[in-house]
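Read through the structure below, which is laid out as structure tokens, and then see the notes.
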Amino acid sequence: MSDEMIIEFCSPTLAGIKTGNLFSCEYSDYNQLVKDLRRVNSVLIKKGIKAIPVGYLSHRVLIYLFRPSFLERDLCDKDASLLLRRLGYNVNNAAECIKCLSDRLRAIKSREEFPHEIGLFLGYPVEDVKGFIAHKGECSKCVGCWKVYGDVTRAEDTFDRYKRCTSDYMSRYRKGMSLEELAVCA
């Protein structure tokens, strides 16, 4: 797992404008993966960011890079907590919520079983996550980083902001800035 990959897929979280990002990467040696995660976390934890594996498949790992303080804030949203409670999450404990999500990801056998509530862990608007679940991914108003069922203008502004952030961060990285320098305290 390279710093470049983290920056490419997680810039909005590194910049403090998004709760979390998910990305998948290959690994050939589990022990090396653990070392890579320790290295990344030693840099990012000082900025209020964590990277944890939430799923494994063959020689791929799904990494959740997130800001725990943002996730705790998001889980306090009345509608988000109600939805997650109905799905069996203990919304009073963010770490337990992540473990539950990870368990649900490992249990996937079909598309219908996918934990679409995952959007709440990424900072997506609750109305869009609820809309996606209710409409089974159909009939959205627009599509960008996620499918929008609520405020299209706000979502499109957010999509643009994430795109500009990623472009800016990749440019800065290519000019020599490190992951540690790019990650902000928020």
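Keep in mind that what you see is a predicted model, and the values were worked out from it rather than measured. The figures that follow rest on heavy atoms only: side chains count, while hydrogens, waters and symmetry mates do not.
Ser171 places no side-chain N or O within donor-acceptor distance of the main-chain N or O of Ser167, the cut-off being under 3.5 Å. Judged by distance alone, with hydrogens and angles left aside, the side-chain atoms of Asn41 form no donor-acceptor pair with the main-chain N or O of Lys50 at under 3.5 Å. Of the possible donor and acceptor atoms, none in the side chain of Tyr149 sits under 3.5 Å from a partner among the backbone N and O of Lys130. Looking at Ser11, its side chain does come within 3.5 Å of a backbone N or O of Ile7 through a donor-acceptor pair. Remark: side-chain polar atoms of Lys147 are paired, donor with acceptor, to backbone N or O of Gly137 under 3.5 angstrom.
Side-chain contact, Ser42 with Arg38: no donor N or O sits under 3.5 Å from an acceptor N or O.
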Worksheet item: Please walk me through it: do Tyr89 and Leu83 pass side chain to side chain contact (heavy atoms under 4.5 Å, CB included)?
Response: CA-CA 9 Å; Tyr89 288 82; Leu83 173 61; over 6 Å; no

Practice prompt. Would you please test Thr19 and Arg73 for side chain to side chain contact (heavy atoms under 4.5 Å, CB included) and show each step?
Written response: CA-CA 9 Å; Thr19 298; Arg73 174 203 64 204; 3.5 Å; yes

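Here Asp160 pairs with Arg164 under the side chain to side chain donor-acceptor pair (under 3.5 Å) rule; sequence neighbours left out. Contacts of Phe159 classified as ring-ring contact (aromatic ring centres under 6.0 Å, His included), with partners at least two apart in sequence or in another chain: Trp146. Residues forming a side chain to side chain donor-acceptor pair (under 3.5 Å) with Arg39 (at least two apart in sequence, or on another chain): Asp3. By the salt bridge (Lys or Arg N to Asp or Glu O under 4.0 Å) test, Arg86 pairs with no residue at all, sequence neighbours left out.
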Donor-acceptor list for residues 60-72 side chains, cut-off 3.5 Å, not counting sequence neighbours:
from	atom 1	to	atom 2	distance (Å)
Arg60	NE	Ser24	OG	2.9
Arg60	NH2	Ser24	O	3.4
Arg60	NH2	Ser24	OG	3.2
Tyr64	OH	Phe121	O	2.6
Arg67	NE	Thr13	O	2.8
Arg67	NH1	Lys47	O	3.0
Arg67	NH1	Val184	O	3.3
Arg67	NH2	Thr13	O	3.2
Arg67	NH2	Leu14	O	3.0
Arg67	NH2	Val184	O	2.6

Under 3.5 Å, side-chain donor or acceptor atoms of residues 25-35 against the rest of the protein: list the pairs with distances, not counting sequence neighbours.
from	atom 1	to	atom 2	distance (Å)
Asp29	OD1	Asn31	N	2.9
Gln32	NE2	Asp36	OD1	2.9

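Between His116 and Val129, the shortest heavy-atom distance links the atoms O-CG1, 3.8 Å. Heavy-atom minimum distance, Ala51 versus Val40: CB-CG1, 4.2 Å.
Within the 4.5 Å cutoff, side-chain heavy atoms of Leu84 are placed close to those of Leu75.
Leu57 CG: 12 or fewer foreign heavy atoms inside a 6.0 Å radius.
By the 4.0 Å N-to-carboxylate-O rule, Arg154 lies too far from Asp157 to be salt-bridged with it. Ion pair Glu180/Lys46 flagged as a salt bridge, since at least one NZ, NE, NH1 or NH2 atom sits closer than 4.0 Å to an Asp/Glu carboxylate oxygen.
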